[in-house]
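Right, one structure below, let's go through it.
A, B, ... follow the sequence lines: proteins, then strands. Residue 1 opens every chain. These numbers come from the heavy atoms of this one structure, side chains and all, not from hydrogens, waters or symmetry mates.
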Amino acid sequence: MPNPHDHRLPSAPGHRKIDYRAELNPAQYRAVTTTEGPVLVIAGAGSGKTRTLVYRLAYLVDQGVDPGAILLLTFTRKAAREMLGRAAELMDQPLTQVTGGTFHSVCYLWLRRYGGLLGYGDGFTVMDRDDQGHLLALLKEQLGLKTVQGPFPRKDTVADILGAVVNKRLTLEGVLRDYPQFLPQLRHLDAIAKAYDEEKRRLNLMDFDDLLVQGARLLTEHEEVRRALSERYRYLMVDEYQDTNHLQAELVRLLAYTHHNVMAVGDDCQSIYSFRGANFRNIMDFPALFPGARLIKLEENYRSTQPVLELANAMMVEAREQYTKCLFSRRPDGLKPRLFRPASENEQSRLVVAQVQELRRQGLPLRQMAVLFRAGYHSFDLEIELVRQAIPFMKFGGFKFMESAHIKDLLSYLRVVANPRDTLSWTRLLSLIPGVGRRTCARLTGQMGDGFTLKEARSLLQGQRQAGLKELAGVLEELAGPSQTMVARLNRALEHYEPLMAGRFDDYPKRAKDLEHLLTITARYKELRSFLNDLTLDPPASMADITGVAHDYLTLSTVHSAKGLEWEAVFIIWAAEGRFPVFTMQEREDDTEEERRLMYVAVTRAKRHLAIIFPAAGYNRSLGYTANSPSRFIAGLPRKLLEPWRVEVERG
DNA sequence: GAGACCGACGTTTTT
DNA sequence: CGTCGGTCTC
């Protein structure tokens, strides 16, 4: 049992002695050294939040805490990896024993181990958003709801609605208040919801929400598990607490029930995930969850210059609700943020390219620059321009590489081997075979009952008249071979899939290349199920994530994906009404306020150079060419905070 | 029963 | 503009 009051330092070779008091400011120091009991850290943008977490990891270990007793919960798995890496570097000592990851990924690990207690068979697999949609469409058909009167939500909307029920702790009726046009379908949606839950069970599948729901259920209903995990993880740290929902808060409460050693870190101004059930007020409820929680505020900003910060603060002054803190900077010098109004989208793109080139000439590497936008498609025109000018870039957010059809097709071979009850993947796989369509799929999957095994599946396929199905049975037999490496398996699937793919996609060569690249990340996996579930829980954000990239590149990112990151120079494009805030978020005040926080997050990513850009005219599908107004978050700002710049772009 | 075709529609963020 | 879902033809 680690004793936190034992001040002996571990004598690991090469371990560096850290002077915590000298390397942290007083508030950070308090956050790092308050190791016992609940602590809430309100950490403003750029206030050294990550630094604080990293030092606290080191401090705990320095205090003699067993690294295996530390659980670090972050918003992405990448964030956890980076923090653990930095702490290890700081200490000059590996920290492999610390558990770090997202709520979803740790719940997955626990459910894998204890899922049997909740009636989950061995080998459940995790479904992504796309699978959810397919299953919901299937159920809609099975329930005979294809012919119902009146407007009916599409499958993605149904998924949104059901997700809101779980994540926002609402009734179906409550959620439908936001979708009044679908209120008449309440009964049908309720039927779909029930069927959806049953069907996931039957297919041995969990969706993202199930991981949290079942994880919380596991801890609630099984005292022995709750105790075991609580006693194992004696030190909890939760990052980005403002973006957690009630399920995640409940998980924290359950995990900490034997010791209450929880540090939650977050910033109410940066809550941008309400669509996932997060509420910026949740962070204020932390003291109610853990009475006696100490509150520490980090208000000194180390990232941005004063002019950038003034703009950010001014933006929040206009917010409907006042937030908990005000940022100040020790970097008083600096350039005023600039506002640009190019004539069109393409001029916006060329303007960004020109500015990037100029900064580059001044010696700033591309890695220190980012272009941020509200939605993935906002950067399409810019991407074309960057390719034309041969500027290397990497894009984050928006398009989901792992959900593209060819990737999912290829993985379906492996998914049915990993979980033969997964009739969703069976449907996908069987449909690839020429001569097999909707009916044949339905007939075959209909014969796949409970406890269905791969061996039974193979003999079922063998008995079909289509030669393609017989051949597939052979491929699956090879894939299931116990001694196969992951690379060999994926290769075998690819060998079978490639000729089928050729007929399906016009851009077949490009997609074939994607699949080859996918092979390269396969090598580090030994077990099939871990491989598949890892890809679902922590998908590569882009092709570049897989292939590795040039050492220097410009970042293009959605604001959501830019959370927690920083650059010397930031360009915010499409800062126009209808784009940012997006049209759909202009109706309700809550939504607009979240868009404001999103703009705040975007602005506070900049260290020194900040440019905000909106094209004067834009093309809109329904309206044709229209004039744009600047984003309301920009238009209302005091003039002195922004340098308005005329744009001259040479005609090209 | 498979698969091509056509018209309507809505358009965001992510584990 | 691209996707989705429904219909028509082979």
Side-chain angles (χ1 to χ4, degrees), chain A residues 73-80 101-108 126-130 132-134 136-137 140-141 145-147 151-160 163 166-167 181 206-213 215 240 243-245 247-248 271-278 372-378 380 396-400 402-403 405 430-431 433-443 465-466 468 503-504 533-539 541 557-563 574 578-586 591 594-595 597-599 601-602 619-623:
Chain A
L73 292 164
T74 52
F75 204 70
T76 63
R77 291 217 275 180
K78 188 161 153 249
T102 60
F103 280 92
H104 292 86
S105 69
V106 295
C107 282
Y108 167 71
V126 182
M127 63 203 287
D128 62 20
R129 218 9 232 269
D130 182 66
Q132 270 189 53
H134 279 283
L136 288 166
K140 184 180 171 192
E141 186 174 6
L145 298 175
K146 290 197 116 169
T147 51
F152 200 91
R154 295 159 157 251
K155 58 187 166 67
D156 288 334
T157 312
V158 176
D160 284 344
V166 175
N167 287 294
Q181 72 276 32
M206 282 204 208
D207 64 21
F208 288 124
D209 294 339
D210 287 328
L211 292 170
L212 300 183
V213 171
E240 309 281 12
D243 283 324
T244 56
N245 63 26
L247 283 166
Q248 291 160 321
S271 173
I272 55 176
Y273 278 88
S274 69
F275 67 93
R276 252 169 64 178
L372 305 182
F373 33 85
R374 176 64 179 86
Y377 71 91
H378 290 172
F380 288 167
F396 299 89
F399 172 73
K400 294 200 181 48
M402 290 306 297
E403 288 183 15
L430 297 173
S431 310
I433 308 299
V436 177
R438 247 162 24 98
R439 303 297 296 198
T440 309
C441 276
R443 180 170 56 79
R465 114 192 112 70
Q466 293 93 329
R504 290 165 66 84
N533 289 328
D534 249 57
L535 282 183
T536 308
L537 290 172
D538 191 19
S557 176
T558 60
V559 181
H560 282 91
S561 294
K563 184 161 97 156
W574 276 116
R579 298 272 187 156
F580 201 163
V582 293
F583 277 122
T584 46
M585 292 300 199
Q586 291 178 343
D591 289 340
E594 176 144 315
E595 295 284 299
R597 292 191 294 271
L598 202 52
M599 183 64 91
V601 169
Y619 185 73
N620 183 308
R621 275 201 259 306
S622 45
L623 303 170

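Taking a 6.0 Å sphere around CZ of A/Arg443, one finds it holds more than 12 heavy atoms contributed by other residues, nucleotides or ligands.
Counting only distance, with no hydrogens or angles, the side chain of A/Glu594 and the backbone of A/Ser274 share a donor-acceptor pair below 3.5 Å. Side chain of A/Asp538 to backbone of A/Lys78: no donor-acceptor contact under 3.5 angstrom is found.
Note on A/Asp243 versus A/Arg276: no salt bridge recorded, every NZ/NE/NH1/NH2 to OD/OE distance being 4.0 Å or above.
Among the nucleotides B/dA2, B/dT15, C/dC4, the one closest to any side-chain atom of A/Lys155 is C/dC4. For A/Tyr377, counting side-chain heavy atoms from C-beta on, the closest listed nucleotide (B/dT12, C/dG6, B/dT15) is B/dT12. For A/Lys140, the listed nucleotide lying nearest its side chain is C/dG6; candidates were B/dT15, C/dG6, B/dG10. The side chain of A/Arg439 lies closest to B/dA2 when the candidates are B/dA2, B/dT15, B/dC9. The side chain of A/Thr440 sits closest to B/dG1 out of B/dT15, B/dG10, B/dG1. Of the candidates B/dT12, B/dC9, B/dG1, the closest approach to any side-chain atom of A/Val582 belongs to B/dT12. Set against B/dG1, B/dT14, B/dT15, the side chain of A/Thr558 has B/dT14 as its closest nucleotide.
Summarising the geometry, the separation between CG on A/Leu598 and C1' on B/dT12 is reported as 9 Å, rounded to the nearest angstrom. Separating the NE2 atom of A/His104 from the P atom of B/dT14 is a distance of 14 Å, rounded to the nearest angstrom. Distance, A/Glu403 CD to B/dT14 P: 11 Å, rounded to whole Å. Atom CG in A/Asp160 sits roughly 15 Å away from atom P in B/dT15 (whole-Å rounding). The OH atom of A/Tyr273 sits 16 Å away from the P atom of B/dT12 (whole-angstrom rounding). Atom-to-atom, NZ of A/Lys78 to P of B/dT14 comes out at 13 Å; the value is rounded to the nearest Å. Following rounding to the nearest Å, A/Phe275 (CZ) and B/dT12 (C1') show an atom-to-atom distance of 8 Å. Note: CD (A/Glu240) to P (B/dT14) measures 14 Å, nearest angstrom.
Taking atom P in both B/dT13 and C/dC4, the straight-line distance is 15 Å, to the nearest Å.
Within the 4.0 angstrom heavy-atom criterion, no nucleotide atom of any strand lies near A/Arg77. Counting non-hydrogen atoms under 4.0 angstrom, A/Arg374 reaches a base of the nucleic acid. Across all strands, A/Ser105 comes closer than 4.0 Å to no nucleic acid atom at all (heavy-atom distances).
Of all heavy-atom pairs between A/Phe103 and A/Thr244, the closest is CE1-CG2, 4.0 Å.
At least one side-chain nitrogen or oxygen of A/Ser561 sits closer than 4.0 Å to the OP1 or OP2 atom of B/dT14.
Toward the 5' end of DNA chain B, the nearer of the two residues A/Val436 and A/Thr536, judged by each one's closest nucleotide, is A/Val436. Two residues, A/Arg443 and A/Asp209, neighbour DNA chain B, and the one matched to the more 5' nucleotide by heavy-atom proximity is A/Arg443.
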Next on the checklist: Pair A/Arg129, A/Asp156 - check side-chain contact (heavy atoms from CB on, under 4.5 Å), show working.
Outcome noted: CA-CA 8 Å; A/Arg129 218 9 232 269; A/Asp156 288 334; 4.2 Å; yes
